[in-house]
Each structure stands twice: as C-alpha cells, then as structure tokens.
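Below: one structure, written as structure tokens.
Proteins come first, then strands; the chains are lettered A, B, ... in the order of their sequence lines, and each starts at number 1.
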2 protein chains.
Amino acid sequence: MSLPNAILGLLTYQPMSGYDLKQVFDTSINFFWTAQLSQIYRELSMLEKKGYVTSRIEPQEGRPDRKVYSLTQEGNKSFLEWLNRFSESLLLPVRDEFNIRIFFGSRLPKEELVFQLNKYIRELRLGLELYNTLDNSLRQYAEALLRPEEEFYWRLTVKKGIIMAEAAIRWAEECLQELANSR
Amino acid sequence: MSLPNAILGLLTYQPMSGYDLKQVFDTSINFFWTAQLSQIYRELSMLEKKGYVTSRIEPQEGRPDRKVYSLTQEGNKSFLEWLNRFSESLLLPVRDEFNIRIFFGSRLPKEELVFQLNKYIRELRLGLELYNTLDNSLRQYAEALLRPEEEFYWRLTVKKGIIMAEAAIRWAEECLQELANSR
DNA sequence: TACAGTTACTTGACATGTCATATATAACAT
DNA sequence: ATGTTATATATGACATGTCAAGTAACTGTA
C-alpha cells in the first residue's frame, strides 16, 4: 500500500505525468522506497480506475504527448486516511541480503569476506556523499516543487539515511576488526 | 534469489522439513530476511524440481508425516556459487514505510507525529532486548544445530541488528528534539 | 467434555516488484 | 552519417511476497 499512497502524496503538490513522478521519486522517496517507471504507470492506471486520479492528455510538439494525472477529492481523502493510519507495527520486515551472506560466512574464504566488507564500506561512503550533496540542494528542490514548508520533513528523511549509513559503516568496520582478531 | 539460497544454506546443516526450516528461520535469518511457511513450501518444491534437494517421507505416529528435504550435490554446488557471487551493488533498495510518512509529515498533526515517533522508539527498544537475549542463547543454538563454528558469524549478524536499531532510535530522538524546537 | 493450541503440510488468490521490450521524436555529440 | 541520450508512455512475462483457509490428529486446559 505504500507506493500508491506515495504517488497520491506527490500528486497533492501538483498534477504530474508518470515521467514527472519518476523524476521526483529519484530525487527523494527513492532513497527509502524505490519505484520503477513500469510500476508507477501501472499504479497510475489502477488509481484512475479507483477514481483517485484523473488524467488529461497534453499535446506536445516534437515529442510524445504528456498524460498528466491530477488528484481527485476522493484520492486526497484516501491518501490522508492512509497517512493517519499508521500500521500496528512500525517495524517493517528488514531485507538485508548482505547479512545472509555474513550468516553463512564460514563457507567463504576470509579474504573474500574482507574484500566484500571493504567494498560495502566504499559503497556506503558514496551513498553518504550523495546524501550530503542532496541535503544542500533540498531548499532548491522545495522551491521548485512550490513546497518550502516540506523542507523540514524532507531533511529528517535524509538525516535517517545518513545515520543508518554511518551505522552500517561502523558495523562493517567492527566486522573487519573481529575478522582480523580471529585470524 | 535470496530465499531459495538461504534455504539451501540451512539444509547444508542437516536435512529438515519445511516446518523445521520455518523454526530455524524464526530464530535467525528472519531478523534480516523474513519468510512465510507458504513461501518456504513453494521454494522447496521448486528446488526439488531443479534437483537441488530431494525429499523423503518420514511416517510419524499420531501426527502428519514429515516430508524431510536433503541437499543434493548440485544443490550444494549452486548454493556455494551463489554465496561467492556477491552482486554488483551490495546496497539493496531500502524499504522504509515509516520514512514515507515522515516525508509527508507536514500533513499530520504534530502530536500524532510525536506519538508515532515515541511508539517507534518503544518498538525498537523491544527489538533490542530481543536481540540481546538472542545473543545470549546463540551458543546453545549453535550446539543444537551442530554448528559451533558458525557462532562467530551469527553473532556478527545480530550485532548488525543491534547497531541499526540503536541508530534508528537515535534518529527518532533527534526528530523529537527538532519537532520540539520548531514549535 | 468441549475448546484452544501445537505439530505438520498444502493450496489458491492476490499484491507487489523486476526486467525486458516496444513505440516515437528531438537534441546533441562523434 | 551515426550513435547516444533524453522525453514520454506502455505492455508482458516473470519473480517474489502476503493473506487466508483447509486437512488432520494429538496435547493441554477449563
């Protein structure tokens, strides 16, 4: 139920096409809930069937016509209901494939584990850099979407990404330490 | 591809029924990769079709017969290949529904946000307690599965759970702080 | 004695997510 | 001239995950 509601939520800002939505996703929600274009298009047609959005074709010269979706009153109502209806448990099932490999770590050569842990750390550091540059451009993003009052909350979600990535780096470094000790 | 390989990995310890596998899951892998019984049964029959496991019916008195699955040589080979084939990117897409709601936080009453953040912290603390008691029982678990040499790696996965939960708690507390400041 | 809970296995429908491919045109670079 | 990237939408096959219910018989509790 997250993706359709994330889409409805973004459409509360302004009418957008599926392509537009993907752009906004990639610079915001994508960091904690990924969506592919194909999924967005599918959800949009399902939301239209339910009457939560309406579409309007905008002819364009030279490039394919835009299909712009707008939120309906029922769509807005449904979104706000979802937003206010926090699930029983706020802890969603974690899916961490990297941890599965660590779980079976005794079957891997230690050098391979050390190599992969270092690679993991490198990738997390790249992610951190991305979050930090994103953090700087948040204000412009808020202005572009005509939603300056959202900036505060967007900043909180970015902060979570940063804190979690830093924690994962610390964990991986401890793993390297313990692997070195156990040799 | 994670679930079938997690199952194959557990079957390297000893032959088990789907029900057994679920028990082991619930006390270990479930913390970073959840699986429902129905999923495990489905994967087992698919793995059998591929020739990665074989099954044998163990008649039981009084209760339904057990269908015990054993790893084949090809199954073991396939598992080890998967284990050694780390994916290009070690950072799987994160799915954090709680963060979606924070993203749209301006649409929620502040008291509701504060309430949910506190609930989030409480749940994470409960999770931490669980991890800590689990940590103490890891040795017995390792002995029960006749795999004392795995304990070291299992402990690393538990450590990740603890570190990540602690980080999430810190984030939520910072959110509460910032919400209080912004009032 | 009735009911709930546990052991054990299975199926079906559905929801969600991924990957590959298709169409079409403009702008830009090699 | 040719190829790549960006704009824009869409579909199909498949993989994966969730939810609900069904069968069957024992064990423990009220």
message: Minimum heavy-atom separation for A:I7 and A:F25, please, with both atom names.
response: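 So the minimum-distance heavy-atom pair works out to CG1-CE1, 4.2 Å.
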Grab the [atom1]-[atom2] distance between [X] and [N] for me, whole Å please.
{"X": "B:D26", "N": "C:dT6", "atom1": "CG", "atom2": "C1'", "result": "14 Å"}
{"X": "B:D20", "N": "C:dT6", "atom1": "CG", "atom2": "C1'", "result": "14 Å"}
{"X": "A:L3", "N": "D:dT18", "atom1": "CG", "atom2": "P", "result": "16 Å"}
{"X": "B:L47", "N": "D:dT16", "atom1": "CG", "atom2": "C1'", "result": "14 Å"}
{"X": "A:I57", "N": "C:dA24", "atom1": "CD1", "atom2": "P", "result": "17 Å"}
{"X": "B:M16", "N": "C:dT7", "atom1": "CE", "atom2": "P", "result": "16 Å"}
{"X": "A:Q36", "N": "C:dT18", "atom1": "CD", "atom2": "P", "result": "5 Å"}
{"X": "B:E43", "N": "C:dT10", "atom1": "CD", "atom2": "P", "result": "15 Å"}

Counting only side-chain nitrogens and oxygens, does [X] get under 4.0 Å of the OP1 or OP2 atom of [N]?
{"X": "B:Q39", "N": "D:dT16", "result": "no"}
{"X": "A:Y19", "N": "D:dT7", "result": "yes"}
{"X": "B:Y41", "N": "C:dC9", "result": "yes"}
{"X": "A:R95", "N": "D:dT16", "result": "no"}
{"X": "B:K22", "N": "C:dA8", "result": "no"}
{"X": "B:S17", "N": "C:dC9", "result": "yes"}

task: Measure the OG-CD distance between B:S106 and A:E150 for me, rounded to the nearest 0.5 Å.
output: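 These two atoms lie 3.5 Å from each other.
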message: Which nucleotide wins on minimum distance to the side chain of B:L37, given the candidates C:dC9, D:dT18, D:dA10?
response: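 Closest nucleotide to the B:L37 side chain: C:dC9.
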- prompt: Among C:dT10, D:dT18, D:dT9, which nucleotide sits nearest the side chain of B:Y69?
  reply: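 Of C:dT10, D:dT18, D:dT9, C:dT10 is nearest to the side chain of B:Y69.
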task: Assign each of B:M1 and A:S45 to its nearest nucleotide of DNA chain D by heavy atoms, then name whichever residue's nucleotide is nearer the 5' end.
output: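 Its nearest nucleotide being more 5', the pick is A:S45.
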query: When you match A:R42 and A:V68 each to their closest nucleotide on DNA chain D, which lands nearer the 5' end?
result: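 On the 5' side of the pair lies A:V68.
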Flag side-chain contact, heavy atom, 4.5 Å: B:M16 against B:Y69: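 No, their side chains stay 4.5 Å or more apart.
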message: What I'd like to find out is whether the side chain of B:M164 reaches to under 4.5 Å of the side chain of A:M164, using heavy atoms alone.
response: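 Counting from C-beta outward, B:M164 and A:M164 do come under 4.5 Å.
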field: Aromatic ring pairing A:F103/B:Y13, orientation class (parallel under 30°, perpendicular over 60°, tilted between)
entry: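 It falls in the tilted class, 30° to 60°.
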